[in-house]
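Okay, structure first, notes after.
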There are 2 protein chains.
Amino acid sequence: MSAAKRSGESYPPFAVTVDLAVFTIHEGTLAVLLVQRGDDPFAGHWALPGGFVGIAEDAASAAWRELAEETGLERFSGHLEQLATYSAPDRDPRMRVVSVAHVAFAPGLARSGPTAGSDAAAARWWPVEDLGLDADAPGEGSVDLAFDHADILRDALERVRSKIEYTTLAAQFADEPFTLADLRRVYAAVWGAAPDLGNFRRKVLSTPGFVVATEGRDEGDGRLGRPALLYRRGPATTLQPAMLRPDGPPAG
Amino acid sequence: MSAAKRSGESYPPFAVTVDLAVFTIHEGTLAVLLVQRGDDPFAGHWALPGGFVGIAEDAASAAWRELAEETGLERFSGHLEQLATYSAPDRDPRMRVVSVAHVAFAPGLARSGPTAGSDAAAARWWPVEDLGLDADAPGEGSVDLAFDHADILRDALERVRSKIEYTTLAAQFADEPFTLADLRRVYAAVWGAAPDLGNFRRKVLSTPGFVVATEGRDEGDGRLGRPALLYRRGPATTLQPAMLRPDGPPAG
DNA sequence: GCAAAAGTGTTAAGGTTACACCCATGG
DNA sequence: CCATGGGTGTAACCTTAACACTTTTGC
């Protein structure tokens, strides 16, 4: 190894890809973008969107490029970050592929339709609860994903769930301007349980720069009840102390 | 892109390496293992140990293998985890290399000498404070590391510093059996500031499974004062709520 | 007025901070 | 008996959890 590194000898060639777990909130539930594979291996199975890293770009650039292609959005306004790298030797039967997985999320992606610029056979937003990721036994009632994408998606989900605990990224899921109830629904969708209303407002409003108030009120057409104040995302990035999930983070 | 993926066309070939940021506590300070490069590029510069990922192994296996080779230890008893992947196109002038960086730490590594099984030109433990990582301007008083290893090391340091906040991994830095003062010195070395004595003990002892008491006492030879009780690592992995650093985590 | 949704208050419990203080041991 | 390090106690403060309650709107 270092011998090869020092002398510039031959080294094993790899393909390097990025895979994307793109989340959005659609009709109150957390949804992830999946594409259906046309060819073997795993023909017909659903998979995370992704593609090869080009010879002159880094993984982050490749991820941004794929994101634009798959979502059909020129300017993706949300958040993208590296998750982890998956490198099991048998993860792709055709060749030796190392995948740098990324997590992305943004508001309202599901509205414009995912297939706009996608070159996949089919693409759709799946509510994560319909994927049966928590079930230990795959098969019944669950979608079995291609390659190791179920592992990646599980890790991505946990990343998102924990990240909104100690950062302000939840606001990235909300369409601007948003009400505090909208923001709370983001937490409810991602965590599966809503934080206490009163404590939630206090937390958000007492964190400087989490949200900034606007002049407007939520004057919906047929909506009931008192109109809520509208907010935009503020400059703050971290929450301290963290917002706690109603049931707490998983052990381990 | 996905066209290539679907049809099995040609793809850009990459070299994939692992780089290791291996930490230990040596004489009360946090130290990292670096190797001195013998050849260009960056001949004479210090670098993180690492090597190519083999064609039949995953990145974690490669990291464990390198760890054993570089530290000369057959059974590495500490902790190893993936950090992130670094993939800038120009990070290695010779070829297109993607590196999956890992973080490792264990107690007492510096005692046995790092060069035992290493194939590097030279290897030594560097106190992290001597590396000048915090300085924005490299050069004066700081070691300039090869490739993007200063970036990797900065990220690795922040990972370790934050990880001991909410996990019991600090105990992985301590030789068993250890006193609570030993464990507190781990936090002091990693954070650069010691947590309050009384609060620290209460926190550790009130977290079930962080440490387990032993029968023994610390009966040193020429040591002064009251002998401390000795503990071993317990089965717990997470701390909740987290142990807070004296000055708090960095913003951003 | 009534239902619905937004927004405010209140109190008990528990954790943290920042100390001061006491205990055991070697010289 | 004194220095040294180990170990305990405590009061002010802050945050959270879990509610009950009030306000504003549309019908």
Side-chain angles (χ1 to χ4, degrees), chain A residues 28 164-166 174 177-188 191 193-208 210-231 236 238-249, chain B residues 28 164-166 174 177-189 191 193-208 210-232 236 238-249:
Chain A
I164 65 172
E165 286 185 63
Y166 59 92
F178 51 84
T179 68
L180 291 185
D182 291 333
L183 187 58
R184 180 161 166 258
R185 274 186 284 270
V186 170
Y187 280 92
W191 284 343
D196 178 88
L197 174 75
N199 302 331
F200 175 79
R201 320 185 98 248
R202 245 189 311 277
K203 182 86 187 172
V204 172
L205 294 176
S206 70
T207 301
F210 192 166
V211 296
V212 294
T214 68
E215 296 296 303
R217 282 204 169 74
D218 180 21
E219 328 197 359
D221 20 333
R223 52 175 307 293
L224 294 178
R226 176 173 172 176
L229 293 174
L230 291 170
Y231 297 84
T238 58
L239 251 53
Q240 200 167 35
M243 180 107 55
L244 298 179
R245 325 190 196 186
D247 38 354
Chain B
I164 65 171
E165 287 185 63
Y166 59 94
F178 50 84
T179 69
L180 292 185
D182 291 334
L183 187 57
R184 181 161 166 257
R185 274 187 283 269
V186 169
Y187 280 91
W191 284 343
D196 178 87
L197 175 75
N199 303 330
F200 175 78
R201 323 186 99 247
R202 247 189 309 277
K203 182 86 188 172
V204 171
L205 294 177
S206 69
T207 302
F210 192 168
V211 297
V212 294
T214 69
E215 297 296 303
R217 281 203 171 74
D218 180 22
E219 330 196 357
D221 21 335
R223 55 174 308 291
L224 295 178
R226 175 174 170 177
L229 294 174
L230 291 170
Y231 296 85
R232 295 185 177 278
T238 59
L239 252 53
Q240 200 169 32
M243 179 109 53
L244 298 180
R245 324 190 196 185
D247 37 354

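Note that these values count all heavy atoms, side chains included, but never hydrogens, waters or copies made by symmetry. Chain naming here is simple, since letters A, B, ... match the order of the sequence lines and numbering starts at 1 in each.
Distance, A:Leu183 CG to C:dG7 P: 12 Å, rounded to whole Å. As a whole-Å value, the separation of A:Glu165 CD from D:dT16 C1' is 15 Å. With rounding to whole Å, B:Leu205 atom CG is found 16 Å from C:dG15 atom C1'. Whole-Å rounding puts the A:Asp218 CG to C:dA6 P distance at 8 Å. The separation between A:Leu180 atom CG and D:dT23 atom P is 20 Å, rounded to whole Å. The CZ atom of B:Phe200 sits 16 Å away from the C1' atom of D:dT8 (whole-angstrom rounding). As a whole-Å value, the separation of B:Arg201 CZ from D:dG9 C1' is 13 Å.
Here the CG atom belonging to A:Leu180 is positioned 14.5 Å from the NZ atom belonging to A:Lys203, to the nearest 0.5 angstrom. Atom CG of A:Leu205 is separated from atom OH of A:Tyr231 by 5.0 Å, given to the nearest 0.5 angstrom. Going from atom CG of B:Leu229 over to atom CD of B:Glu215 covers 10.0 Å, rounded to the nearest 0.5 Å. Going from atom CZ of B:Arg202 over to atom CG of B:Asp196 covers 8.0 Å, rounded to the nearest 0.5 Å.
Using a 4.5 Å heavy-atom cutoff, the side chains of B:Trp191 and B:Glu165 are in contact. Counting heavy atoms from C-beta outward, B:Phe200 and B:Met243 have side chains that approach closer than 4.5 Å.
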In B/S/- notation, 5' to 3', how is nucleotides 17-25 of chain C contacted by protein heavy atoms closer than 4.0 Å? BBB---BBB
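Here B:Lys203 does not reach the OP1 or OP2 of C:dG15: none of its side-chain N or O atoms lies under 4.0 Å away.
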